[in-house]
Student: 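Could you have a look at this structure, given as structure tokens, before my questions?
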Amino acid sequence: MPSIKRTKFRLTNDQLLEILYWLKLIRAFDERLSVLVRQGKVRSGVYTGLGQEAIVVGTCYGLRREDYICPLHRDLGTFLMKGVEPGVMMAQMFAKATGLSKGRDSALHSGVPELGIFGNTSMLGSNLPVAAGIGLTFRMEQVDHVVIAYFGEGASNTGDFHEALNFAGVQRLPIVFICENNLYAYSVPFEKSMAIEDVAVRAQSYGFDGVAINGNDVLAVYQATQGAIRRARTGEGPTLLECKTYRWHGHSEHDKAFYRTDEELAMWRSRDPIPTFTTYLQHMNVLEPARLEEIDARINTTIDEAVTFAENSPEPEPTDAITDLYA
Amino acid sequence: MPSIKRTKFRLTNDQLLEILYWLKLIRAFDERLSVLVRQGKVRSGVYTGLGQEAIVVGTCYGLRREDYICPLHRDLGTFLMKGVEPGVMMAQMFAKATGLSKGRDSALHSGVPELGIFGNTSMLGSNLPVAAGIGLTFRMEQVDHVVIAYFGEGASNTGDFHEALNFAGVQRLPIVFICENNLYAYSVPFEKSMAIEDVAVRAQSYGFDGVAINGNDVLAVYQATQGAIRRARTGEGPTLLECKTYRWHGHSEHDKAFYRTDEELAMWRSRDPIPTFTTYLQHMNVLEPARLEEIDARINTTIDEAVTFAENSPEPEPTDAITDLYA
Amino acid sequence: MTKEITYLEAIREALQEEMRRDPKVFVLGEDVGPYGGAFGVTQGFVEEFGERRCLDTPISESAIIGISVGASLRGYRPVAEMQFGDFISCAFDQIVNQAATLRYRYGGRASVPIVVRAPCGGRVSGGLYHSQNTEAWFIHRPGLKVVAPSTPYDAKGLLKAAIRDDNPVIYMEHKYLYRRARGPVPQDDEEIVEIGVAATRREGDDITLLTYAAMVQPALEAADELAKEGVEVDVIDLRSLLPFDKAAIFRSVEKTGRVLIAHEDVKTLGIGAELSAVIVEERFDWLDAPVVRLTYPDTHCPFAPALENFNLPDAGKIAAALRRLAAY
Amino acid sequence: MTKEITYLEAIREALQEEMRRDPKVFVLGEDVGPYGGAFGVTQGFVEEFGERRCLDTPISESAIIGISVGASLRGYRPVAEMQFGDFISCAFDQIVNQAATLRYRYGGRASVPIVVRAPCGGRVSGGLYHSQNTEAWFIHRPGLKVVAPSTPYDAKGLLKAAIRDDNPVIYMEHKYLYRRARGPVPQDDEEIVEIGVAATRREGDDITLLTYAAMVQPALEAADELAKEGVEVDVIDLRSLLPFDKAAIFRSVEKTGRVLIAHEDVKTLGIGAELSAVIVEERFDWLDAPVVRLTYPDTHCPFAPALENFNLPDAGKIAAALRRLAAY
Ligand SMILES: Cc1ncc(C[n+]2csc(CCOP(=O)(O)OP(=O)(O)O)c2C)c(N)n1
Ligand SMILES: Cc1ncc(C[n+]2csc(CCOP(=O)(O)OP(=O)(O)O)c2C)c(N)n1
Ligand SMILES: [Mg+2]
Ligand SMILES: [Mg+2]
């Protein structure tokens, strides 16, 4: 079978299947989390990215170990793609001793330097200056690694967003800024928090390109990201990619999301990135039914094992509440 | 004599002469300050706007008492145009009890609510959210007053700039944002702090218009401001006017400004807004030599009296160091 | 006339009554509009007051405070909500430099009647960035006032007082108490709780226990414990942290000669440090024992309950500290 | 081997030596590049180290700290300059939430070896926004370290120690001392001043005087004054404010039984509060008199010298406080 040529960046069939695997794994991870919250096994603070998986996969697929990611709260999938074991990530959500932060916080609030993963605080936008600092070191060392820095459209209204992107622009840092524009910041719709059509235009304030793309099309996201990454690696500086998307669940699992209509949700659910991509693969004869089942089974096992690992992991030692404060 | 028609906004001859008066008064005020610093009569913290007077005059001329200004550190002239007595302003620079802040701080660090003058802290950009708050109240009351909010191109890199302009844009507030782009932020040239040609493009990030104009042409500034003010008064929201200009002196009176060339300075001095305007008025037969002398004499007296007032004013009472903290 | 409601409802009632009374009062913040706020404090406000007086802002904490200052200069009394008190650090400059200094630098010609609501505190599995107690930073800044109610009664009365106060007031509302604290609240529009006045929650002659917010309840339980052992504890709920009620504190110290301070904030330069220092400076000769602090240890607030409970002061830890102090 | 230089030159020397020693050290800030910094600290650095290691930034304090954190995650040791320490409030969130908590939330897998240089302090006619002493906010935040040298020797040694330290260190350099403090400074690359260790500047058995930064000199003058009156004062220069040197403090208190704390920061929740509280908690029985604080009053720093002098502690005021304490 020929490799798919839809993008300039050739992908083999195996790679395409891998992309499907990631999409589905991340979907399954979040879906399981959603259940676990309801069961009271995972405590608050769960912000699923259901519906937005194409952005995570399209931007992370093919990254080097040395490349750095600076995710937002909906991007737990980026941790997985960058090499964190699903069980460890699940343990992080369970606040177990085996989680990345040893139970000190959950979700994205921890990182792994060796894997190029930066875990932020809760303060929206505050990961972006850190991304700039990492990018600066790549440029200092004249290595061609890149940083992928994520933020929501809502976070693009913070001061830190502005200061970081301006610095990245003037220093021409190797950073791809990914705006996940899911039309809402918690309850506040896009048009109530800024008077523009596309967050992408904001790149013009910083002297680099901004493009709005379909965030639910994993290949479109992949192609755009790879283009931006290539420019970044060759010293052409940052790019802002605005990925238009939608989150299916509420802001957090506790939010009933009454602020939006059922029609709107239905419309966006019909743009689910996974069936679209699956159908595409089937039409291209890349994906046989048996293969699909195999993937689904593998994912099921992976998630089950992750939950088992997390459940069986020890609670943190109480005295760990006061360690690791100083080096 | 007919009134000058160069702008849509007609100005009578008397008004044109008044504009000349203000340009020269503000020039004289800053020049005197510069001497007083050297004489040790005024302590540090003097940031003259010499060379930039056209912006102050072109933006403030014709403002209503109810309109609000939120100046930057080089804009002491705005205080005068908005109704603060030159003597009081000089006393503020002398840190005397009769100054706006009763000696507690100098320069722009005080304000006068009844005159629509907001005096900021030193933190660059932090006046802009305050301007937005004032504009918000105008809109709440459905009155057609405006806010003129000033900042340097350097300050346009602060987080507060971004948060404020975004809010002003989405709420369509009656604010005219004036960027005084004098090509340097202290020692740092424009191109080393941002990768764009015009700060004006930043308005696009907020959904309103941004225009770059000649900041050394008082009538051009006046015309552009009046256009923006008219839009603001009629509910059409904010405008960003970038006034290209140059400061003749160093960042403060203690800065020798070695970071720029003599040629550059000479070039910009040749664009001095005052002779240009004076010549123009002479060509238009608005200004007779006697009138010019009269203006100069009046200004001389005004500044002399201001200095005398400040010098003769009492020092603050030491115990005023701890009063006025709480209402 | 009073009514039994929760702490959260008391906050809502205070806001509603003040907004009805004074058209210059308005609220702004993230998701405070149609959504009614992350914790539901402003539910129903848009319906009653319209979006102009209950304004959803972009995610821009610094601007939220700057906007409030600007509006206050024109005679308004904005109540700004930080979605979580933790995010107040993003607005720090506007609070400590803009709001706190304005009146002083204006030579007294203007004031800044704003209120910043900061949902704070732990025991809600919030982790490092949804559990902070940030009062000390603001108590350290002249020009601000800081309050921290522990009961629905005070939540209402202090918020009303804060809104009417002509100075910037940081209003620390404890998330743990939102739905757990229930109690009588006056239904009289004009009843406020004066800023700067403490409340004695329990009388005792043996030990003075100074505390506030979510520590008041465990402090009272510990005091009951000690009473059984023959030690009577004077439990003072500070309510106002800046200014704090020196007179009430000193009256109690003069009676007991022994002081324990309990707070949820960390120890180093938590308000306990100031209380201790002031008592020692001004009532040294009345002291029969060292002034002792029982606080959060000097670390961050972890997510896992096992860890958080290790850090949080509670009735048991307070009782133990009281016992040690009684035995001194 | 030592050399007589100013406090400012000592800061510069420390930076130069560390940058020569370790290619991972670099400086960033506003006007630090070709201009050499607002106070001239980095003069000559671009020539020696190039603009990449002495980086002019836009006016973006929050980003400056965030960038430093990012670089530190990749093994660098950035030294960020705040042009005036007052502007550190614009970077507050990045310091207290990003830098101070990173190691903890990373489960110990990373650290943040950054230094934030904050030119602070008054008596330079700086007014409200160019005179602030902001140490207390950071001493209150676990995960940070805070130092405040008073001599060229310490300015150099502590900056070197701060750069080598794997934790975020706030380095408070006092503007009044920049050119006024002169003294011997070691020329040995490896000589540092350990963080957490105080220095006794003068020995005495009667009163312990705890102070730091620009208050050390007036404290010594006041102590000389008192010596003439037969009162011998133990003057301890804290140098490190977080952690502070409890052992040294307690040794002195055990000897004198009387403590005065003098600092330029305001009184309420200035570090004096913590020092007093700790001494009372742990050395109560040694105290013959109340621990007393002599500080800036709880207000802002005014511009006019007549006003500023009214507020600033000085030798005269310290001597008076010592006399009162001796007579207690
Ligand atoms: C500085 C800051 N302010 C407020 C919040 C609370 N908050 C968390 S997520 C969120 C909405 C974020 O919207 P967006 O950036 O669009 O990301 P999304 O959740 O839609 O993916 C808010 C307001 C926060 N975390 N940080
Ligand atoms: C937040 C903040 N950072 C740094 C400074 C120090 N500072 C004062 S003026 C200035 C340069 C300002 O440049 P610009 O905004 O272009 O205004 P200009 O002085 O050129 O008129 C700097 C860095 C400050 N006042 N505030
Ligand atoms: Mg969003
Ligand atoms: Mg400039």
Side-chain angles (χ1 to χ4, degrees), chain C residues 61-62 86-97 100-101 104-105 127-129 132 134 136-143 242-244 261 265-285 287 289-293 296-300 302-303 328, chain D residues 61-62 86-97 100-101 104-105 127-129 132 134 136-143 242-244 261 265-285 287 289-293 296-300 302-303 328:
Chain C
E61 280 76 12
S62 186
D86 311 58
F87 307 145
I88 206 166
S89 56
C90 300
F92 200 71
D93 175 60
Q94 286 285 353
I95 296 176
V96 302
N97 285 314
T101 68
Y104 186 77
R105 74 178 187 265
L128 273 75
Y129 314 107
Q132 292 175 22
T134 59
W137 291 328
F138 303 106
I139 298 169
H140 180 60
R141 188 62 170 160
L242 180 69
F244 54 82
I261 303 158
D265 192 8
V266 300
K267 184 169 203 171
T268 298
L269 282 183
I271 191 180
E274 182 63 30
L275 298 172
S276 170
V278 163
I279 292 168
V280 168
E281 252 164 355
E282 305 190 32
R283 287 299 179 276
F284 184 71
D285 290 336
L287 290 176
V291 179
V292 181
R293 293 174 289 171
Y296 212 84
D298 285 334
T299 188
H300 304 298
F303 187 84
Y328 189 93
Chain D
E61 280 77 12
S62 185
D86 311 57
F87 308 145
I88 205 166
S89 56
C90 300
F92 200 70
D93 175 60
Q94 286 285 353
I95 296 175
V96 301
N97 285 314
T101 68
Y104 186 76
R105 74 177 188 264
L128 272 74
Y129 313 107
Q132 292 175 22
T134 61
W137 290 328
F138 303 106
I139 297 169
H140 180 59
R141 188 62 171 160
L242 179 69
F244 55 82
I261 303 157
D265 191 8
V266 299
K267 184 169 202 171
T268 298
L269 282 182
I271 191 179
E274 183 63 31
L275 298 172
S276 169
V278 163
I279 292 167
V280 167
E281 252 163 355
E282 304 189 34
R283 287 300 179 276
F284 184 71
D285 290 336
L287 289 177
V291 179
V292 180
R293 293 174 289 170
Y296 212 84
D298 284 335
T299 189
H300 304 298
F303 187 84
Y328 189 93

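Since the model is a prediction, treat every value here as computed from it, not as a measurement. We use all heavy atoms of the structure for the numbers below, so side chains are in, but hydrogens, waters and symmetry mates are not. Letters go in sequence order (proteins before strands), and every chain restarts at 1.
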Student: Do you know which of E61(D), E281(D), Q94(D) has the most heavy-atom pairs under 4.5 Å to chain C?
Tutor: E281(D)
Student: With a 4.5 Å cut-off on heavy-atom pairs, point out which of G272(C), G143(C), G270(C), G127(C) contacts chain D the most.
Tutor: G270(C)
Student: Can you name the residues that form a side chain to side chain contact (heavy atoms under 4.5 Å, CB included) with D86(D), not counting sequence neighbours?
Tutor: M123(B), F84(D), Q132(D)
Student: Which pair of non-hydrogen atoms, one from P142(D) and one from V266(C), has the smallest distance, and what is that distance?
Tutor: CG-CG1, 4.0 Å
Student: Taking the side chain as C-beta and beyond, is there a heavy-atom pair between C90(C) and F92(D) under 4.5 Å?
Tutor: no
Student: Among T268(C), I139(C), D265(C), find the one that has a side chain to side chain contact (heavy atoms under 4.5 Å, CB included) with H140(D).
Tutor: D265(C)
Student: Under a 4.5 Å heavy-atom cutoff, which of S276(D), S62(D), A289(D) has the most pairs with chain C?
Tutor: A289(D)
Student: Locate the shortest heavy-atom distance separating S89(C) from V96(D); write the atom from each residue and the value.
Tutor: CB-CG2, 4.1 Å
Student: With a 4.5 angstrom heavy-atom cut-off, could you sort out which part of L287(C) is near chain D: side chain, backbone, both or neither?
Tutor: both
Student: Going by the angle between their ring planes, with limits at 30° and 60°, are F284(D) and Y328(C) parallel, tilted or perpendicular?
Tutor: perpendicular
Student: Heavy atoms only, distances under 4.5 angstrom: which of V278(D), I271(D), V291(D) has the most pairs with chain C? Name it, please.
Tutor: V291(D)
Student: With respect to chain C, which residue among L128(D), I279(D), I88(D), V292(D) yields the maximal number of heavy-atom pairs within a distance under 4.5 Å?
Tutor: L128(D)
Student: Can any side-chain N or O of H300(C) pair as donor or acceptor with the backbone N or O of R141(D) at less than 3.5 Å?
Tutor: no
Student: Quick one: are T101(C) and Y129(D) in side-chain contact, heavy atoms under 4.5 Å?
Tutor: yes
Student: Counting only heavy atoms closer than 4.5 Å, note whether P297(C) contacts chain D via side chain, backbone, both or neither.
Tutor: neither
Student: Determine yes or no for a side-chain-to-main-chain donor-acceptor pair under 3.5 angstrom, with E274(C) supplying the side chain and A273(D) the backbone.
Tutor: no
Student: Not counting sequence neighbours, which residues clear ring-ring contact (aromatic ring centres under 6.0 Å, His included) with F244(D)? List them please.
Tutor: none
Student: Pick whichever of I95(D), L242(D), N97(D) has the most heavy-atom pairs under 4.5 Å with chain C.
Tutor: N97(D)
Student: Of the backbone (N, CA, C, O) and the side chain (C-beta and beyond), which part of R293(D) lies under 4.5 Å from a heavy atom of chain C, both, or neither?
Tutor: both
Student: Just so I know, are the side chains of D93(C) and F87(D) near enough to count as touching, which here means a heavy-atom distance under 4.5 Å?
Tutor: no
